[in-house]
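Positions are given from 1 along the sequence.
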Amino acid sequence: MAIANALRLTSIYSSPHMLTISVNSSAIVDIVDRVGKESILMISVHGEDGQMYLSAQEAADALGVSRTTLYAYVSRRGIRSVAVPGSRERLYWRTDIERAKTARGRPPVRRENAPPPESAISLIGPDVLYYRGMDAVALAEHHSLEQVAALLWDQPEAAVFTDRLPIFPETMRQVAATLRTSSGTARAAAALPLIEDANPRSFDFSPAGMASTGADVLRSLTALKLGVPAPSAAPIHEQVGAHLGLSSAWQDFVRRMLVLSADHGFEPSTYAVRSVAGIGVSPYRSVAAGLLLVGGRRTQLGRFDVITRLLTDICEGDPDEVMLARLKGDDQVPGFGYDAYRHRDPRARALLDQLDVVMGDAIGLKRLKRAIAIVEDARGLYPDYALVSEFAGRQFMEDKRDSMFVLGRCVGWIAHSIEQYRTGEAIRPASIYTGRLPDQVT
């Protein structure tokens with residue numbers, strides 16, 4: 001309270017991830033100086049007199065500049081104003097003036113539209129991906145998806161992945177039957193909330209309870225994507241291998257791919273999942289939210305459609321001709337140059353190495369490698385994980401609309417759901433109003 005009194009705050013709310021302040025405008029600069037502008041996500045300025053506008057002289061005095069300089073700031077620093085009817089004077093939006101005082105006209109932070117930046121789940125290094133401090137590529141050498149899930153969910157594997165299975169209600173079966181011609185992902189997005197209702201333990205929101213529900217969600221999603229009538233307690237890669245009739249080598253490849261798909265930081269789908277989880281829904285619904293983003297044009301998941309078309313051209317035609325046409329016509333080549341890493345995506349490199357083991361001299365792999373070499377030579381770009389995993393999926397998936405990627409990413413979505421719910425907060429981004437100013441001039 002001493003700080004609040006010193007800074008003339010009218011209200012202050014603090015949490016591990018957000019500092020929300022309402023403050024008299026005369027104190028805002030002091031707050032930014034003392035608290036640190038990168039800690040402030042939302043500032044509500046009302047002024048001691050309750051007015052939202054300042055006269056030209058008041059605005060110039062607040063900024064410590066002349067009126068001539070103020071007029072220049074209107075365009076250079078985005079200060080909005082309204083005309084005073086019957087005169088040549090203008091009134092200036094108080095919030096814009098206060099913003100101009102803090103950071104040369106920029107908002108104190110532009111990170112207010114991001115989820116809380118703190119996370120203990122994954123770390124993207126220059127050329128390496130870590131899951132809770134462990135190299136994801138190294139984990140993929142020997143770990144199952146269930147073992148990685150237990151790591152990311154911060155729970156013992158034996159306590160989470162038990163023999164107890166979720167109940168599939170009749171309503172869910174009816175919905176799945178109605179959507180039998182849809183993709184497995186679409187069936188799952190529609191069915192998961194129905195499965196939640198039939199399993200009361202879904203509403204245990206303790207960390208251990210959410211992790212147990214996460215195991216149910218993962219097993220349910222697997223059954224729905226494979227189109228089988230009931231979930232199984234078998235390891236996910238073994239379920240996929242048995243259903244698709246894969247060799248032991250391909251089954252091990254699926255295990256590796258699932259592990260490498262588990263998480264990749266705050267991507268758009270993860271942001272959506274965290275936002276939903278933060279309001280207090282079970283992992284069934286937060287994962288369903290993530291599934292609804294599959295195919296979004298601006299998400300990493302949505303890139304699979306574009307990449308699929310490119311792979312079809314490469315595998316069914318001449319990769320030299322296909323890639324030359326792409327390089328001539330496009331600034332970007334789908335599936336190459338993902339900028340999360342300094343050089344190469346380590347996940348893509350690991351999968352390519354393993355494709356050599358399971359495919360050998362297969363013509364499709366040779367064509368893919370030729371396309372990769374052309375882009376690397378012409379643009380200095382390396383393949384993304386999305387390109388390599390989609391190519392691999394084409395070798396064994398029955399429904400080309402589906403991808404094993406979503407099964408792996410489900411684990412990360414659940415980890416973020418648990419972490420976000422434990423913060424005790426819903427994600428409520430601040431915003432800066434840029435629309436028409438209120439008509440307060442008389």
Exercise for the section: May I have the step-by-step check of side chain to side chain contact (heavy atoms under 4.5 Å, CB included) for L355 and F253, ending in yes or no? Expected result: CA-CA 8 Å; L355 282 172; F253 183 92; 3.7 Å; yes
Practice task
Check step by step if side chain to side chain donor-acceptor pair (under 3.5 Å) holds for E419 and S119.
Solution key: CA-CA 8 Å; E419 186 177 66; S119 177; 2.8 Å; yes
Practice task
Evaluate the criterion side chain to side chain contact (heavy atoms under 4.5 Å, CB included) for residue pair E196 and T213; output intermediate values, then yes/no.
Solution key: CA-CA 9 Å; E196 174 197 59; T213 298; over 6 Å; no
Handout entry: Worked check of side chain to side chain contact (heavy atoms under 4.5 Å, CB included) between V406 and L221
Key = CA-CA 9 Å; V406 172; L221 179 59; 4.3 Å; yes
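Of the possible donor and acceptor atoms, none in the side chain of Q420 sits under 3.5 Å from a partner among the backbone N and O of S275. Not a single donor-acceptor pair under 3.5 Å links the side chain of N199 to the backbone N or O of P166. The backbone N or O of G265 sits less than 3.5 Å from a side-chain atom of S122, completing a donor-acceptor pair. Judged purely by atom type and a 3.5 angstrom limit, W153 has no side-chain atom pairing as donor or acceptor with the backbone of M210. The closest donor-acceptor contact from the side chain of Q395 to the backbone of F391 lies under 3.5 Å. R80 places no side-chain N or O within 3.5 Å of a backbone atom of D96 that could act as its donor or acceptor partner. Judged purely by atom type and a 3.5 angstrom limit, R367 uses its side chain to pair as donor or acceptor with the backbone of C315. Not a single donor-acceptor pair under 3.5 Å links the side chain of R255 to the backbone N or O of L145.
Applying the ring pair (Phe, Tyr, Trp, His ring centres under 6.0 Å) rule to Y341 yields the partners H264; only residues at least two apart in sequence or on another chain are considered. By the ring pair (Phe, Tyr, Trp, His ring centres under 6.0 Å) test, Y92 is found to be paired with no residue, residues two or more places apart in sequence or in another chain being considered.
For the pairing with L351, the side-chain contact (heavy atoms from CB on, under 4.5 Å) check across L387, V388, V137 returns one residue only, V388. Between Y284 and the options L194, I414, L192, D197, a side-chain contact (heavy atoms from CB on, under 4.5 Å) holds for only L192.
Ring centroids of H416 and Y271 are separated by 6.0 Å or more, keeping the two rings apart.
The pair R344-D127 fails the salt-bridge criterion, with no side-chain N (NZ, NE, NH1 or NH2) lying under 4.0 Å from an Asp/Glu carboxylate O.
In this pair, F205 and Y421 present their aromatic rings tilted. The plane angle is within the 30 to 60° band.
Residues R347 and S389 have side chains that never bring a donor and an acceptor to within less than 3.5 angstrom of each other.
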